[in-house]
Amino acid sequence: KPDDAIIRILAVWTGGVSDARIQRVTEVAKDGTLTVDQKLTKMDRVLKIPPTASAHDLARALGVSSTAIKKTGWWETQRKGRQDECAGKREQQLREKGKAWENPAPDD
């Protein structure tokens with residue numbers, strides 16, 4: 001069965017996440033009775049969606065548009081604004097690093 005092979009292979013890259021959890025997430029993704037928001041919420045409960053997963057990645061996984069992902073309540077609470085937070089943290093780190101930097105002497 002092809003799905004079994006996929007689950008076994010994914011288990012290698014996902015650090016041994018149980019086959020049952022991967023299977024459950026797959027079932028949620030395939031469930032045509034659920035909205036995109038419901039799918040994301042349920043999938044995230046079963047197996048935490050990695051913070052590195054973009055709207056584009058999730059859209060491809062669910063067969064919808066990135067816009068559909070970004071319009072969900074799940075995206076609003078779990079992802080929106082995270083890029084700004086990351087950029088702000090990185091800027092602060094660079095400022096701290098810059099404080100330790102010394103200007104070279106004019107004769108260097």
Side-chain angles (χ1 to χ4, degrees):
K1 193 172 165 187
D3 284 351
D4 291 338
I6 291 169
I7 290 170
R8 288 193 308 271
I9 290 169
L10 284 174
V12 172
W13 275 270
T14 58
V17 170
S18 76
D19 294 353
R21 288 171 59 194
I22 293 172
Q23 186 64 45
R24 180 69 185 122
V25 168
T26 303
E27 290 167 4
V28 170
K30 290 179 179 180
D31 188 340
T33 66
L34 299 174
T35 65
V36 174
D37 186 50
Q38 291 169 327
K39 288 180 182 185
L40 290 170
T41 301
K42 286 185 176 201
M43 290 168 66
D44 198 40
R45 283 188 195 137
V46 173
L47 186 61
K48 193 75 176 154
I49 297 172
T52 55
S54 67
H56 177 73
D57 296 334
L58 294 169
R60 276 191 21 217
L62 296 179
V64 298
S65 69
S66 295
T67 303
I69 298 293
K70 291 178 180 179
K71 286 184 177 182
T72 65
W74 181 87
W75 184 267
E76 290 287 323
T77 59
Q78 300 298 319
R79 294 292 199 271
K80 190 173 182 184
R82 296 284 168 103
Q83 283 185 325
D84 293 339
E85 289 175 24
C86 291
K89 287 179 186 177
R90 179 72 178 139
E91 181 181 0
Q92 183 59 35
Q93 290 171 341
L94 290 172
R95 288 185 188 279
E96 294 297 323
K97 189 175 181 179
K99 288 178 185 177
W101 185 76
E102 295 181 21
N103 284 325
D107 59 339
D108 282 351

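Side chains included, hydrogens not; waters and symmetry mates left out as well; all remaining heavy atoms used.
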Would you call E27-R24 a salt bridge at under 4.0 Å N-O?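 A salt bridge is present here (some side-chain N lies under 4.0 Å from a carboxylate O).
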
Applying the side-chain contact (heavy atoms from CB on, under 4.5 Å) criterion to D44, which one of V25, I49, V28 satisfies it?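 Single pass found, and it is I49.
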
How many angstroms lie between [atom1] in [X] and [atom2] in [Y], if you round to the nearest 0.5 Å?
X   : Y   : atom1 : atom2 : result
S66 : D57 : OG    : CG    : 8.5 Å
I69 : K39 : CD1   : NZ    : 9.5 Å
T26 : D31 : OG1   : CG    : 12.5 Å

Closest contact, heavy atoms only, [X] versus [Y]:
X   : Y   : value
A68 : V36 : O-CG1, 4.3 Å
L62 : M43 : CD2-SD, 3.8 Å
K70 : A55 : CE-CB, 3.6 Å

Test side chain to side chain donor-acceptor pair (under 3.5 Å) applied to Q38 - qualifying residues, sequence neighbours left out: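 Once residues adjacent in sequence are excluded, the partners of Q38 under the side chain to side chain donor-acceptor pair (under 3.5 Å) criterion are T35.
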
Are any of the side-chain heavy atoms of L40 and Q78 separated by less than 4.5 Å?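 No, too far: nothing below the 4.5 Å cut-off.
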
Are any of the side-chain heavy atoms of T41 and R45 separated by less than 4.5 Å?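 SC-SC contact between T41 and R45 confirmed.
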
Side chain to side chain contact (heavy atoms under 4.5 Å, CB included) partners of K71, counting only residues at least two apart: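 In terms of side chain to side chain contact (heavy atoms under 4.5 Å, CB included), with neighbours along the sequence ignored, K71 is linked to T67.
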
